[in-house]
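By convention in this document, chain letters (A, B, ...) are assigned in the order of the sequence lines, proteins followed by strands, and residues within each chain are numbered from 1.
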2 protein chains.
Amino acid sequence: MPKRADLSDTYCPVGRSAEILGDRAVLLILRDLFFGRRRFEAIAANTGLGPQIVSARLKLLVEEGVAERHAYQERPPRHEYRLTAKGKDLFDVLYAMRNWAERWAYAEGEIGGGPAMRYVHRACGADVGTSVVCPGCGEPLRYGDLKGEPSAALKAEQAARAV
Amino acid sequence: MPKRADLSDTYCPVGRSAEILGDRAVLLILRDLFFGRRRFEAIAANTGLGPQIVSARLKLLVEEGVAERHAYQERPPRHEYRLTAKGKDLFDVLYAMRNWAERWAYAEGEIGGGPAMRYVHRACGADVGTSVVCPGCGEPLRYGDLKGEPSAALKAEQAARAV
DNA sequence: ATAGTAACTATGATAATCATAGTGACAAGA
DNA sequence: TCTTGTCACTATGATTATCATAGTTACTAT
């Protein structure tokens with residue numbers, strides 16, 4: 001491909017988001033960062049992406065102010081990546097993607113009754129299903145409000161990918 | 001690039017969504033479909049994407065059940081694309097992307113005070129700002145609930161791109 | 001007969017992607 | 001000291017998606 005089209009100057013907000021989020025590698029890395037997977041090797045292993053892609057995308061996310069690179073030890077030099085406030089605010093996008101997939105992207109009985117990933121509202125204990133406001137207490141759901149429990153199928157898959 | 005990594009068999013719901021949504025062309029086309037831009041040429045002109053990409057992505061969206069191809073006249077044969085229920089349910093994702101960009105992706109004063117795209121809740125008339133529930137009446141916002149008004153800057157840009 | 005429109009398909013150059021291997025800086029054990 | 005191991009990457013080469021541009025099909029209108 002020639003140079004990818006640049007959308008960073010459009011006035012359309014969806015276009016601006018698409019400039020960063022319209023990339024499968026970025027989405028997978030963001031997912032991992034949201035789940036607390038901060039180390040380069042862990043992200044590469046779990047996403048299945050090659051190290052050059054992980055490297056390039058993390059660099060991009062840092063440039064965009066979505067993530068930040070942080071040294072967690074000096075000798076030997078080791079770094080990890082964390083979401084910034086701007087990054088954490090992408091929660092709604094990733095959560096909406098999760099909700100949509102839970103509703104539409106699985107074959108009948110593929111997971112075995114429940115969702116691939118179950119979420120509970122920490123504040124009230126209710127299972128949130130695929131809602132944007134808690135069906136138990138009516139509060140809008142934000143970053144940090146939820147406790148996730150992967151289904152057995154997802155748990156097994158992640159264990160197989162881990163380093 | 002070699003064959004793009006296949007994520008359609010992962011059990012992670014974000015991964016499954018990323019398989020379709022992790023592509024800037026798909027996101028731009030979906031945006032246009034949400035705004036009622038249904039014709040091939042109109043989508044190509046507004047997105048700035050080449051006809052092969054528009055063609056390939058629309059084909060993909062139809063295969064995935066997100067959009068459907070519909071003949072709106074017989075002689076000469078003319079077709080348009082519409083979102084299915086599965087496609088309309090992606091509203092939350094696109095709306096979250098819009099909200100995030102309105103909050104983070106514009107320089108100070110770039111638009112001129114207001115948002116790039118202003119949304120009003122049809123039911124109660126309140127400006128929804130960048131919320132997922134209406135700040136006027138507290139109702140969760142869904143597909144069709146909002147009336148959008150582009151800023152002058154966005155309106156000018158779209159007029160320039162139109163065929 | 002010529003021009004115009006909508007919805008595409010075809011072609012060739014370019015660049016992003018993947019798989020694989022390798023590097024730098026260090027720690028721990030034999 | 002020598003070897004092995006870990007983490008965070010960088011380098012290389014084959015493959016293929018992408019872009020820009022031009023062309024096609026099936027008509028209608030003048």
Side-chain angles (χ1 to χ4, degrees), chain A residues 1-8 10 18-29 32-33 37-63 67-82 161-163, chain B residues 1-8 10 15 18-29 32-33 36-63 67-82 161-163:
Chain A
M1 357 152 158
K3 207 181 301 172
R4 76 191 345 168
D6 184 20
L7 274 51
S8 55
T10 181
E19 179 68 20
I20 298 171
L21 301 177
D23 181 294
R24 64 208 317 105
V26 164
L27 293 174
L28 295 179
I29 291 172
D32 277 19
L33 291 174
R37 215 171 264 118
R38 295 202 256 250
R39 292 185 7 261
F40 187 99
E41 292 285 307
I43 292 170
N46 187 256
T47 57
L49 298 166
Q52 350 71 322
I53 301 289
V54 176
S55 174
R57 291 304 183 276
L58 284 172
K59 209 162 284 175
L60 173 74
L61 292 175
V62 170
E63 273 170 25
E68 57 190 6
R69 191 169 184 262
H70 180 253
Y72 65 87
Q73 67 177 40
E74 296 271 315
R75 325 187 53 74
R78 289 288 184 270
H79 300 276
E80 62 176 22
Y81 294 85
R82 295 176 185 171
R161 287 183 195 271
V163 249
Chain B
M1 353 156 157
K3 206 182 300 169
R4 78 200 331 178
D6 185 20
L7 274 52
S8 55
T10 181
E19 178 69 20
I20 298 171
L21 301 176
D23 181 295
R24 63 208 317 105
V26 164
L27 293 175
L28 295 178
I29 291 172
D32 278 21
L33 290 174
R37 215 170 265 118
R38 296 202 255 250
R39 290 182 11 260
F40 187 99
E41 293 284 308
I43 292 170
N46 187 255
T47 57
L49 297 166
Q52 351 68 323
I53 301 288
V54 176
S55 173
R57 291 305 182 279
L58 284 172
K59 207 162 286 175
L60 173 73
L61 292 176
V62 170
E63 272 169 26
E68 58 190 5
R69 190 168 184 263
H70 179 254
Y72 65 86
Q73 66 176 41
E74 296 271 316
R75 327 188 51 76
R78 290 289 184 269
H79 301 277
E80 62 176 20
Y81 295 86
R82 295 175 183 171
R161 287 183 195 273
V163 249

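- Straight-line distance from the CG atom of B/L49 to the P atom of D/dA20: 9 Å, rounded to whole Å.
- Between the side chains of A/R69 and A/Y81, a donor-acceptor pair is found at a separation under 3.5 Å.
- Set against D/dT12, C/dA6, C/dT11, the side chain of B/E41 has C/dA6 as its closest nucleotide.
- At the phosphate of C/dC8, OP1 or OP2 sits under 4.0 Å from a side-chain N or O atom of B/R69.
- Using a 4.0 Å cut-off, some side-chain N or O of B/S55 falls inside it from OP1 or OP2 of C/dT9.
- With A/D32 as the partner, the side chain to side chain contact (heavy atoms under 4.5 Å, CB included) test is satisfied by one option alone out of A/R38, A/R37, A/R39: A/R37.
- You'll find the side chain of B/L58 reaches within 4.5 Å of the side chain of B/V54, heavy atoms only.
- To the nearest angstrom, P of D/dA17 lies 13 Å from CG of B/L60.
- Here the P atom of nucleotide D/dT18 and the CG atom of B/D23 are 6 Å apart, to the nearest Å.
- One finds no side-chain N or O of A/R38 lying less than 4.0 angstrom from the OP1 or OP2 phosphate oxygen of D/dA8.
- You'll find the side chain of B/P77 stays beyond 4.5 Å of the side chain of B/Q73, heavy atoms only.
- Between B/T47 and B/I53 the shortest side-chain heavy-atom distance does not fall below 4.5 Å.
- OP1 or OP2 of C/dC8 lies within a sub-4.0 Å distance of a side-chain N or O belonging to B/Y81.
- In this structure, CD1 of B/I53 is placed 13 Å from C1' of C/dT14, rounded to the nearest angstrom.
- One can place CD of B/E80 at 16 Å from C1' of C/dC8, the figure rounded to the nearest angstrom.
- Between the C1' atom of C/dC8 and the CD1 atom of B/I29 lies a distance of 13 Å, rounded to the nearest Å.
- At least one side-chain nitrogen or oxygen of B/Y72 sits closer than 4.0 Å to the OP1 or OP2 atom of C/dA7.
- What separates NE2 of B/H70 from P of C/dA7 is a distance of 13 Å, to the nearest Å.
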Nucleotide by nucleotide, nucleotides 21-30 of chain C touches protein heavy atoms under 4.0 Å in the pattern (B base, S sugar-phosphate only, - none) B---SSS---
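- The pair B/E80-B/R82 counts as a salt bridge, with a side-chain nitrogen and a carboxylate oxygen less than 4.0 angstrom apart.
- For A/D23 and B/R24, the salt-bridge test fails: no basic side-chain N is under 4.0 Å from an acidic carboxylate O.
- The side chain of B/K59 contributes an N or O atom lying less than 4.0 Å from OP1 or OP2 of C/dT9.
- Residue A/Q52 has its side chain nearest to D/dA11 when only D/dT18, D/dA8, D/dA11 are considered.
- Separating the CD atom of B/Q73 from the P atom of D/dC27 is a distance of 11 Å, rounded to the nearest angstrom.
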